[in-house]
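Report on the structure given below.
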There are 2 protein chains.
Amino acid sequence: MKTTRADPQPADFTDVRATNLAVVLRHLRANGPSSRASIAASTGLNKATVSSLTGHLIEQRLLRETGLSGNRIGRPGTALALDGSAYAAIGLQVAADRLTALALDFAGDQLLLWHRALALPGDPAGAAGRSVSAIAALAQRAASRVRQQGRQVLGITVAVPGLVEEGGTVRLSPPLGWSDLDLRGLLSGSLRQPDLDIAVANQASLAALAELRHNGDPRLDLTYVSGASGVEAGIVADGRLLHGARGFTGQIGRFTLGPAGAPTLADLAGIEPLVRRALPGSDPESHTDLAPAVEEVAIRARTGDPATLAALRDTGGHLGQGLALLANLVNPEIIVLGDHYAALAEWILPAAEAELARNTLAPAAGGARLTTSALGLHAAALGGAVSHLDRIDTGSLPARG
Amino acid sequence: MKTTRADPQPADFTDVRATNLAVVLRHLRANGPSSRASIAASTGLNKATVSSLTGHLIEQRLLRETGLSGNRIGRPGTALALDGSAYAAIGLQVAADRLTALALDFAGDQLLLWHRALALPGDPAGAAGRSVSAIAALAQRAASRVRQQGRQVLGITVAVPGLVEEGGTVRLSPPLGWSDLDLRGLLSGSLRQPDLDIAVANQASLAALAELRHNGDPRLDLTYVSGASGVEAGIVADGRLLHGARGFTGQIGRFTLGPAGAPTLADLAGIEPLVRRALPGSDPESHTDLAPAVEEVAIRARTGDPATLAALRDTGGHLGQGLALLANLVNPEIIVLGDHYAALAEWILPAAEAELARNTLAPAAGGARLTTSALGLHAAALGGAVSHLDRIDTGSLPARG
DNA sequence: GTACTTAGTTTAGACGCTAACCAAACTAAA
DNA sequence: TTTAGTTTGGTTAGCGTCTAAACTAAGTAC
């Protein structure tokens, strides 16, 4: 427990309590069901304190007893586990082509995963209006579903590509054609549930959260790289998302070095340019939904098509230069190639790794490990839900009700 | 008080106490001398708590009463101020050409500022050995001096360009010709004071700390850009230094995009290349001490020499591209041009600002404000000392003694 | 059945914050 | 000069939370 806010922020016993409740929750999240005694032993908390804390959490329906764990000599312990039955968190993911909704219970189990086509019409103004309605409707449906199951909704977070302010305003999203759109406010208005926690955040950042939780080690410095819309990175440092002054972090796609008009990293290492180059004959309009095109590229690569392989190598090389930039600037322990990059990792990784090593100052000592995401195309939706679980795991228990 | 460590870390009363001691210290640091009552009023702490906290701090000689502050109606308060007389912190800065030592008392007042020439010989191994001896000697002298004044030394931090691990090993420092040098260990051995807190850190990061304190707002997202050795950045996010997995952050100079051998940002926007270009006739060997050369460039610029001005514009433009990268990746509120860049800011800034704006995604909404450092060439030494004051300001009081 | 081992609760105590009260020290006004 | 009002700073009682130690509970080992 250490002061993070630089602004003076006094502490009292409730903070101690919150911190220790969080310690118990995170221990169970990381290590699975445990007895009170083993929690006390491995966290360093006193047995009496653990009893008090777990009693509090059971009362809040965040924990439940799951039978005995009599593994050895002595009195068997009663195993405690996260209780998923009382709460749920919802994540939505907005892409140019489709909408994804995902719900997790508090234990982290997936309750639903819905996809819905989303056609962004030509008219940007109309597009935003209609898209917002679709998002609100899907959020409403997902919330209703989990409420039918008797769960309280902890919150809804919407993942969006581009620049999203912490207040929930989408300042600029080229892939969606949005700018200065108060998405959080619009959704709050549509859903008419003032006590519901609604948030909007960048999709790569949320995907990084999901990846962090998937990895298991919450202290890992991890960066997630998304190619779903431009090239974006989500950066976790010191166990927390890098937010920046306004929340506009990880915009790696604009990276360029040279005269005006020189190609950017998004031009050189983006998925869309890759598809255009690897599938030259096809209609570019049909690539608004990238997933099938990426699949087609993978099929050609598997057949050994030289032009496709060259394009992939080239993309990988340039991507590696971008990753080197990340590695040199924020020095993550691992960089996770996400969404479409993960689908093409087999052919992209070698060149990316080579360029990453070539452009990292001390590749052996400080270079980032490159890995591939296993979370698929809805990592950001998952991250949106995870963000609410994380809030509880850091001590902000849900309001009594 | 909020949990930062993701690893379960239980809290107890001592954490509450430490947090609230820190609240009082930071309030006084930010607002100057105040009475107990006004501290209570503006921090939200109870009057009784403030009395207890300040009593504790006075006993530790971190605070002292400085007379009455009877400004208005009612009983006048006794003003409390930071007490500089009992403790001092030392920062050392290692550059290719010279060594700087600086000491601050706990109130933040400068106690000494020493410079010493440091000639790095050709033989790297010998260079490290001799340099380390010189550093140790200077540190020893500075420590002795402040001890003669009756002050306890809180710690010594050495600022070094390049990759420095958190344990104090310099993994790679091209400007110094060092690699895998356990500088902290060597200094600890030389100084033979096992209870003395010795640290080694990257110079740009420490300069960023100094700049943050100089600015006054400890919640500012700030990035410091150093041109003293290559191009390095120190990044403060969420009020804390960005450390990364191993401490290798801010290495912006390696930034490149293109085939192998393409110029890096350090080639295009570095101070050394600028000097070589602006002062073509002079002996490059004589530029190991950059400061006079930079002064010469400034003189030529002031006379309006077209070639010099063009070189400066060019450097500024490329630097702006690098800053845009920083702005897009970590979204700082302000970017501070440090050391030699600050000396040449008059000519570099316009082009840098233009390129920064051109390459930032949403310049109006999220663009970083470019400013110039006022701390000169020893900002990192200052930051080294400041880092120890910061540790106390965040609640780690010095050991009783 | 007795001894041993481990789990979880109870109890006593310490710590540090808060709220309420009180004395001190000053100004303002009668 | 007195009296009322205001603000400071300290004191006391009470409360919440953690810790240590004792105690009860529930199993295994022999």
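By convention in this document, chain letters (A, B, ...) are assigned in the order of the sequence lines, proteins followed by strands, and residues within each chain are numbered from 1. No hydrogens, no waters, no symmetry mates; every other heavy atom, side chains included, goes into these values.
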Inset, instruction - Can you tell me the distance, in whole Å, between the CZ atom of Arg17(B) and the C1' atom of dC17(C)? - result: 9 Å
Legend entry - DNA chain D: 5'-proximal contact among Leu53(A) and Ala79(B) (nearest heavy atom): Ala79(B)
Inset, instruction - Evaluate the side-chain contact (heavy atoms from CB on, under 4.5 Å) criterion for residues Arg391(B) and Asp197(B): first the C-alpha distance (whole Å), next the side-chain angles of each, then the deciding distance (0.1 Å), finally the verdict. - result: CA-CA 11 Å; Arg391(B) 281 197 48 188; Asp197(B) 180 10; 2.9 Å; yes
Inset, instruction - Under 4.0 Å between any heavy atoms, over every strand shown, what does Thr49(A) touch: base, sugar-phosphate, or nothing? Just pick one. - result: base
Inset, instruction - Using whole Å, report how far CG of Asp12(B) lies from P of dC15(C). - result: 12 Å
Inset, instruction - Can you see which heavy atom on Tyr224(A) is nearest to which on Ala207(A), and at what distance? - result: CE2-CB, 3.4 Å
Legend entry - Asn20(B) side-chain N/O to dG16(C) phosphate OP1/OP2 under 4.0 Å: no
Inset, instruction - Nearest-nucleotide wise, let me know which of Phe13(B) and Ser52(A) is further upstream toward the 5' end of DNA chain C. - result: Ser52(A)
Legend entry - Interatomic distance, Asn46(A) CG vs dC15(C) C1' [rounded to whole Å]: 15 Å
Inset, instruction - Check side chain to side chain donor-acceptor pair (under 3.5 Å) between Asn331(B) and all other residues, then give those that pass, not counting sequence neighbours. - result: none
Legend entry - For Pro33(A) against Ala79(A), the heavy-atom pair lying closest together: CB-CB, 4.4 Å
Legend entry - Reference residue Asp393(A); test side chain to side chain donor-acceptor pair (under 3.5 Å); the match among His388(A), Arg26(A), Arg213(A): Arg213(A)
Under 3.5 Å, N/O pairs linking protein and nucleotides 27-30 of chain C:
none

Inset, instruction - Check every nucleotide of DNA chain D for an atom under 4.0 Å from a heavy-atom of chain B, then give the first and the last such nucleotide from 5' to 3'. - result: dT6(D) to dC18(D)
Inset, instruction - Take the protein atom NZ of Lys47(B) and the nucleotide atom P of dA24(C), then report the distance between them rounded to whole Å. - result: 15 Å
Inset, instruction - Mind checking Ala48(B) for me? I need base, sugar-phosphate or nothing, with any heavy atom below 4.0 Å counting as a touch. - result: base
Legend entry - Shortest non-hydrogen separation from Ala11(A) to Asn20(B) and the atoms involved: N-OD1, 2.7 Å
Inset, instruction - Indicate, with a heavy-atom threshold strictly under 4.0 Å, whether Thr78(B) touches base, sugar-phosphate, or nothing. - result: sugar-phosphate
Inset, instruction - Using a 4.5 Å cut-off on heavy atoms from C-beta on, say whether the side chain of Val146(A) contacts that of Asp105(A). - result: no
Inset, instruction - Using the closest heavy atom to pick a nucleotide of DNA chain D for each, name whichever of Leu21(A) or Ser38(B) lands nearer the 5' end. - result: Ser38(B)
Legend entry - Closest non-hydrogen atom pair between Leu206(A) and Ala159(A), with its separation: CD1-CB, 3.5 Å
Inset, instruction - Examine the side chains of Ser52(B) and Arg17(B) and answer whether a donor and an acceptor come within less than 3.5 Å of each other. - result: yes
